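Let me begin by presenting the structure, written as structure tokens, before commenting on it.
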Amino acid sequence: MKLKPTFYQQSDVVEVTKLLLGKSIFTQFNGALTGGIITEVEAYSGRNDKACHANNGLRTARTATMYNAGGCTYIYLCYGIHHMLNIVTNTEGLADAVLIRAFEPTTGIEQMLERRKQSKLRNSLTAGPGNVGKALGLDFKQHNGLLLTADQIWIEDAPKVAEESIISTTRIGVDYAEEDALKPWRFYIKDSKWISKK
DNA sequence: AATTAGATGTTCT
DNA sequence: GAACATCTAATTA
């Protein structure tokens, strides 16, 4: 059921990003199992992409885990508040990653509502990368670099989403990346209401 | 419905 | 010290 390292280690990040749509992501911390179906993602490449933290081989304490072999997490803190979940892809030394921007909650909804301090289930529970990290209970200090073959966080396989059901647009919040901000590397499932925005 | 302000803390210059 | 792969509540209309 769990996706294998070979899946994440494919060389084309954009391809892996699209393949992740429709798959299910789960976290399990102190007995609480939470997760759902991935509906919105973005690709970031370590080479030739100014929007990526590790562009041009930039290697710092923060970006180090992006250089790991595909199949682990890259979680970082954004705007001092949000813990963003990325999936590291490609082989060791090549810093590519996929940002999980939204998912459709299916498992542990009660637990996720509690983490988000909400009482009613609505789209905003898991729409937007900051909300995804919070709903799944992620913390960049505790969960960065975890292997997806272990039992804390993982992704399970599912049938491929048809090409005609995938919408691609430019990525969100990367205006600083100049011409690379124009790359159509954000993908979401057409007709899903569990996405951050149209 | 659309826009704006404030929160928050780590990273890199 | 500036910037940052953002979210929410409050304000304006």
Side-chain angles (χ1 to χ4, degrees), chain A residues 8 13-14 16-18 20-21 25 34 36 38-68 70 72-90 94-105 112-146 153 155 167-189 193-198:
Chain A
Y8 304 105
V13 218
V14 175
V16 180
T17 302
K18 289 201 278 186
L20 281 173
L21 286 173
I25 181 142
T34 50
I38 298 169
T39 53
E40 180 181 340
V41 286
E42 282 178 5
Y44 287 85
S45 171
R47 297 160 309 289
N48 217 10
D49 177 15
K50 290 176 185 160
C52 182
H53 292 157
N55 190 32
N56 286 331
L58 179 66
R59 195 188 267 268
T60 64
R62 179 174 66 159
T63 62
T65 58
M66 262 178 111
Y67 290 86
N68 290 354
C72 72
T73 62
Y74 167 49
I75 301 176
Y76 70 93
L77 186 67
C78 186
Y79 296 110
I81 304 174
H82 306 294
H83 299 262
M84 314 274 254
L85 169 62
N86 297 251
I87 304 302
V88 174
T89 74
N90 217 324
L94 296 177
D96 293 346
V98 180
L99 172 67
I100 308 296
R101 289 191 55 89
F103 68 93
E104 173 179 346
M112 293 195 281
L113 284 169
E114 189 179 319
R115 284 173 182 154
R116 299 272 354 263
K117 299 197 186 349
Q118 295 188 358
S119 51
K120 282 182 114 172
L121 177 59
R122 47 193 177 126
N123 164 283
S124 63
L125 181 70
T126 56
N131 292 337
V132 167
K134 185 140 197 200
L136 292 175
L138 296 169
D139 180 292
F140 83 111
K141 283 183 179 157
Q142 293 181 52
H143 310 302
N144 185 32
L146 290 183
I153 174 164
I155 298 175
I167 308 285
S168 77
T169 70
T170 52
R171 293 170 292 182
I172 308 285
V174 295
D175 296 344
Y176 62 88
E178 302 167 29
E179 75 273 14
D180 291 327
L182 301 175
K183 285 183 158 75
W185 283 4
R186 169 172 175 251
F187 304 96
Y188 62 85
I189 297 179
K193 66 171 196 168
W194 302 99
I195 57 173
S196 63
K197 61 167 81 162
K198 300 221 164 157

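Fair warning: this is a prediction, and the values are worked out from it, not measured in the lab. Every chain is numbered from 1 and lettered A, B, ... according to where its sequence line falls, protein lines coming before strand lines.
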Inset, instruction - Give the dot-bracket string for DNA chain B, reading 5' to 3', where a pair is Watson-Crick or G-U wobble with both distances under 3.5 Å, ( ) marks pairs inside the strand, [ ] marks pairs crossing earlier ones, | marks a partner on another strand, and . marks unpaired. - result: |||||||.||||.
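Contacts with DNA chain B (heavy atom under 4.0 Å) in residues 170-186 of chain A: none are found. A heavy-atom distance below 4.0 Å to DNA chain C is reached by these residues of residues 94-104 of chain A, ordered by number: Leu99(A), Arg101(A).
Remark: Thr63(A) engages Thr60(A) in a side chain to side chain donor-acceptor pair (under 3.5 Å) (not counting sequence neighbours). Annotation: salt bridge (Lys or Arg N to Asp or Glu O under 4.0 Å) contacts of Lys197(A) (sequence neighbours excluded): none. The side chain to side chain donor-acceptor pair (under 3.5 Å) search around Tyr44(A) returns Glu42(A), not counting sequence neighbours. By the side chain to side chain donor-acceptor pair (under 3.5 Å) test, Lys183(A) is found to be paired with Asp180(A), residues two or more places apart in sequence or in another chain being considered. Residues passing the side chain to side chain donor-acceptor pair (under 3.5 Å) test with Arg115(A) are Thr34(A), sequence neighbours excluded. For Phe140(A), the side-chain contact (heavy atoms from CB on, under 4.5 Å) partners at least two apart in sequence or on another chain are Ile75(A), Leu77(A), His83(A).
Rounded to whole Å, the distance from CG on Asn55(A) to P on dA5(C) is 13 Å. In this entry the distance linking CE of Met66(A) with C1' of dA5(C) reads 10 Å, nearest Å. What separates CD of Glu40(A) from P of dT6(C) is a distance of 11 Å, to the nearest Å. Taking atom CG of Asn86(A) as the reference point, atom C1' of dC4(C) lies 14 Å away to the nearest angstrom. Rounded to whole Å, the distance from CG on Asp139(A) to P on dT8(B) is 17 Å.
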Which donor-acceptor pairs under 3.5 Å do side chains of residues 121-131 of chain A form with protein atoms, sequence neighbours excluded?
residue, atom, partner, partner atom, Å
Asn123(A), ND2, Lys193(A), O, 2.4
Asn123(A), ND2, Ile195(A), O, 3.3
Thr126(A), OG1, Phe103(A), O, 2.6
Asn131(A), OD1, Arg116(A), NH2, 3.4
Asn131(A), ND2, Ser124(A), O, 3.2
Asn131(A), ND2, Ala127(A), O, 2.9

Legend entry - Per-nucleotide protein contact string for nucleotides 8-13 of chain C (B base, S sugar-phosphate only, - none; heavy atom under 4.0 Å): S-----
Can you pull every protein N or O that's under 3.5 Å from an N or O on nucleotides 9-13 of chain B?
residue, atom, partner, partner atom, Å
dG9(B), O4', Gly80(A), O, 3.4
dG9(B), N2, Gly80(A), N, 3.4
dG9(B), N3, Gly80(A), N, 3.4
dC12(B), OP1, Thr60(A), OG1, 2.2

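Annotation for Gln118(A): atom CD counts as buried by contact number, over 12 foreign heavy atoms lying within 6.0 Å.
Contact annotation: His53(A) side-chain N/O to dA5(C) OP1/OP2 distance is under 4.0 Å.
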